[in-house]
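Just so you know, these numbers use all the heavy atoms, side chains as well, and skip hydrogens, waters and symmetry mates.
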Amino acid sequence: MNRQSHTDEPGGTSLDLATVRSLFPCLQQQIHGNPLVYLDSAATTQKPISVLEAMDGYYREYCSNIHRGIHTLSERATAKYEDVRNKVAALLRAPDPRSVVFTSGTTEAINLVARTIGRERVGSGDEVLISAMEHHANIVPWQMLCEEQGATLRVIPCSDEGDLILDDLVDLISEKTRIVAIGHVSNAIGTVNDIKRIIHSAREMGALTVVDAAQSVPHMNIDVEDLGCDFLAFSGHKVYGPTGSGVLWGRLELLEAMKPWQGGGDMIRTVSFEKTTYADVPLKFEAGTPDIAAVIGLGAALDFVNEIGLDAIYAHEKELLDEAVAKLDQVSGVQIVGRPNQRASSISFVLDGVHPHDVGTILDQKGVAVRAGHHCAMPLMKRFGLVATIRASFGVYSESEDVDSLVEAIDEVKVIFR
Ligand code: PMP
């Protein structure tokens, strides 16, 4: 794949967008007679051909179960699967691939932490701290844990601009705080949170830290050592990989000390009716046959991302986000929800007098795919006095024309509702 350099912008790079876009079969189609304008990458990204071929290759050429077989196909599949662990470790700058656990996605990864070390560490009277802009996947598992253990869920508030208010962090994090679980980037309004600061405060009080990186891994470089977190979760399908693939990274010494959560094949060393001993990490947390094809597809997705480079992806998307904010601000009746200090991935807005679902439905008629609803962040919607917004979200293949199509389609919605 080609990447062109901007010689006029020091250090800047731009993507060869035509080539990038040509790698995504799903983008090459018309919806209701209009070219597809895909602005829903925060929900899931489209998949490049290399990912589709990697999955197809597994099913056509070496379909077999992993870790157990001694035959050639199984050895090939196991080697491919385990190589993806190395790729994920490299992506997260994690020193040891054994600290990478494959899950079905961010949701499963967070539930794994809540149900294992969460149950061990959180007791009656303790506190778990999250933020006002979490996705339900980073609220409900902690709420369930708190209910079960008699603990209290506390929340870092959000400003009118859509930034977390961190001035009172010292009051929010105390010796009662056992876990701090924070989203890196808000899927609903695009805020990039200062998670390093939050992690630092949490660690000072001895709390475990969990990062929901579902919306940051696809857009920016992550270094788990530099962040200083204990756990970090992301979903393969939001980073150009298949659905069914996801990752929990955890500090090795914590993972080693944790009890398994699901029992079954592959996670054991020995089983008798009297006693079972468990496999070492990470297999201890990977009971049963995983989604092998999805993990192999995730490996191809990470190769794709690495080839372009997350710095280039971030720069490209930032340019588009800035352009989209500027152009949406020019559209009368459009109110952007949240003006965070740093934004990645998404812009949420409402259109005066028209329900977001109606906007979304009419945009779809024009070929423009956006998300309309609460974005699995109902408490954040409530914070802004809304029940729903329209969300446009970007990926590496998004282009300036997509922003123009969005604005034109909104103008047409306004004509219909005039
Ligand atoms: N956290 C965030 C911030 C998300 O955006 C999402 C997906 N929308 C999730 C968690 C849950 O991811 P998944 O459904 O892939 O498990």
Side-chain angles (χ1 to χ4, degrees), residues 1 23-26 44-106 108-109 112 213-214 217-218 222 224 232-250 252 255 260 262 264-269 278-310 396:
M1 187 192 319
L23 300 174
F24 288 84
C26 205
T44 200
T45 53
Q46 297 301 337
K47 320 303 173 202
I49 295 166
S50 56
V51 169
L52 307 179
E53 285 177 347
M55 296 176 74
D56 196 50
Y58 162 73
Y59 282 124
R60 281 176 192 274
E61 293 158 24
Y62 56 99
C63 180
S64 53
N65 215 324
I66 53 166
H67 296 143
R68 305 163 208 189
I70 49 156
H71 58 81
T72 303
L73 294 192
S74 176
E75 281 172 4
R76 278 179 69 190
T78 304
K80 283 272 194 186
Y81 181 92
E82 288 302 324
D83 191 41
V84 181
R85 220 184 285 282
N86 299 330
K87 288 179 185 183
V88 172
L91 178 83
L92 302 177
R93 317 288 192 275
D96 195 324
R98 290 175 302 160
S99 58
V100 171
V101 177
F102 289 120
T103 65
S104 63
T106 306
E108 190 178 58
L112 190 165
V217 162
I222 302 279
V224 286
L232 182 138
F234 75 91
S235 299
H237 71 95
K238 293 185 198 282
V239 59
Y240 311 103
T243 54
S245 64
V247 166
L248 172 70
W249 170 85
L252 195 59
L255 291 175
Q262 290 179 333
D266 240 23
M267 53 74 75
I268 55 91
R269 192 186 298 279
Y278 303 121
D280 291 334
V281 290
L283 296 191
K284 183 169 73 171
F285 297 107
E286 293 179 14
T289 302
D291 195 337
I292 303 165
V295 169
I296 289 169
L298 173 61
L302 297 186
D303 290 343
F304 166 80
V305 165
N306 285 332
E307 210 175 317
I308 298 174
L310 276 160
V396 62

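Tyr58 meets the ring pair (Phe, Tyr, Trp, His ring centres under 6.0 Å) test with Tyr62; sequence neighbours excluded. Remark: Thr45 pairs with Ser41, Lys47, Tyr240, Tyr397 by the side-chain contact (heavy atoms from CB on, under 4.5 Å) rule, at least two apart or across chains. Scanning for side-chain contact (heavy atoms from CB on, under 4.5 Å) contacts around Pro97 gives Asn86, Ala89, with sequence neighbours left out. Checked against salt bridge (Lys or Arg N to Asp or Glu O under 4.0 Å), Arg93 has no partners two or more places apart in sequence or in another chain. Residues passing the side-chain contact (heavy atoms from CB on, under 4.5 Å) test with Pro25 are Ile49, Leu52, sequence neighbours excluded.
Put simply, the side chain of Lys284 gets close to the backbone of Leu255: a donor and an acceptor are under 3.5 Å apart. Judged by distance alone, the side chain of Asn306 and the main-chain N or O of Leu302 form a donor-acceptor pair under 3.5 Å. Under a 3.5 Å cut-off, the side chain of Ser64 and the backbone N or O of Ser74 do form a donor-acceptor pair.
The closest side-chain heavy-atom distance from Pro290 to Phe102 is not below 4.5 Å. Within the 4.5 Å cutoff, the side chain of Leu232 has no heavy atoms near those of the Val247 side chain. Lys238 has its side chain out of reach of Val217: every pair of non-hydrogen atoms, C-beta onward, lies at least 4.5 Å apart. A 4.5 Å side-chain heavy-atom check between Leu310 and Leu91 finds at least one atom pair inside the cut-off.
Heavy atoms only, all atoms of each residue included: Ala94 and Ser99 are closest at CB-OG, 4.1 Å. The shortest heavy-atom contact between Pro218 and Val239 is CA-CG2, 3.9 Å.
When each of Thr103, Val88, Ile222 is tested with Phe234 by the rule side-chain contact (heavy atoms from CB on, under 4.5 Å), just one qualifies, namely Val88. Applying side chain to side chain donor-acceptor pair (under 3.5 Å) to Ser235 and the options Thr44, Thr243, Thr106 leaves one that passes, Thr106.
With rounding to the nearest 0.5 angstrom, the CE atom of Met267 is 14.0 Å from the NE2 atom of His67.
Within the structure, every pair that satisfies the salt bridge (Lys or Arg N to Asp or Glu O under 4.0 Å) test and touches residues 289-306, not counting sequence neighbours, is listed here: Lys87-Asp303.
Remark: Arg85 engages Glu286 in a salt bridge, criterion side-chain N to carboxylate O under 4.0 Å.
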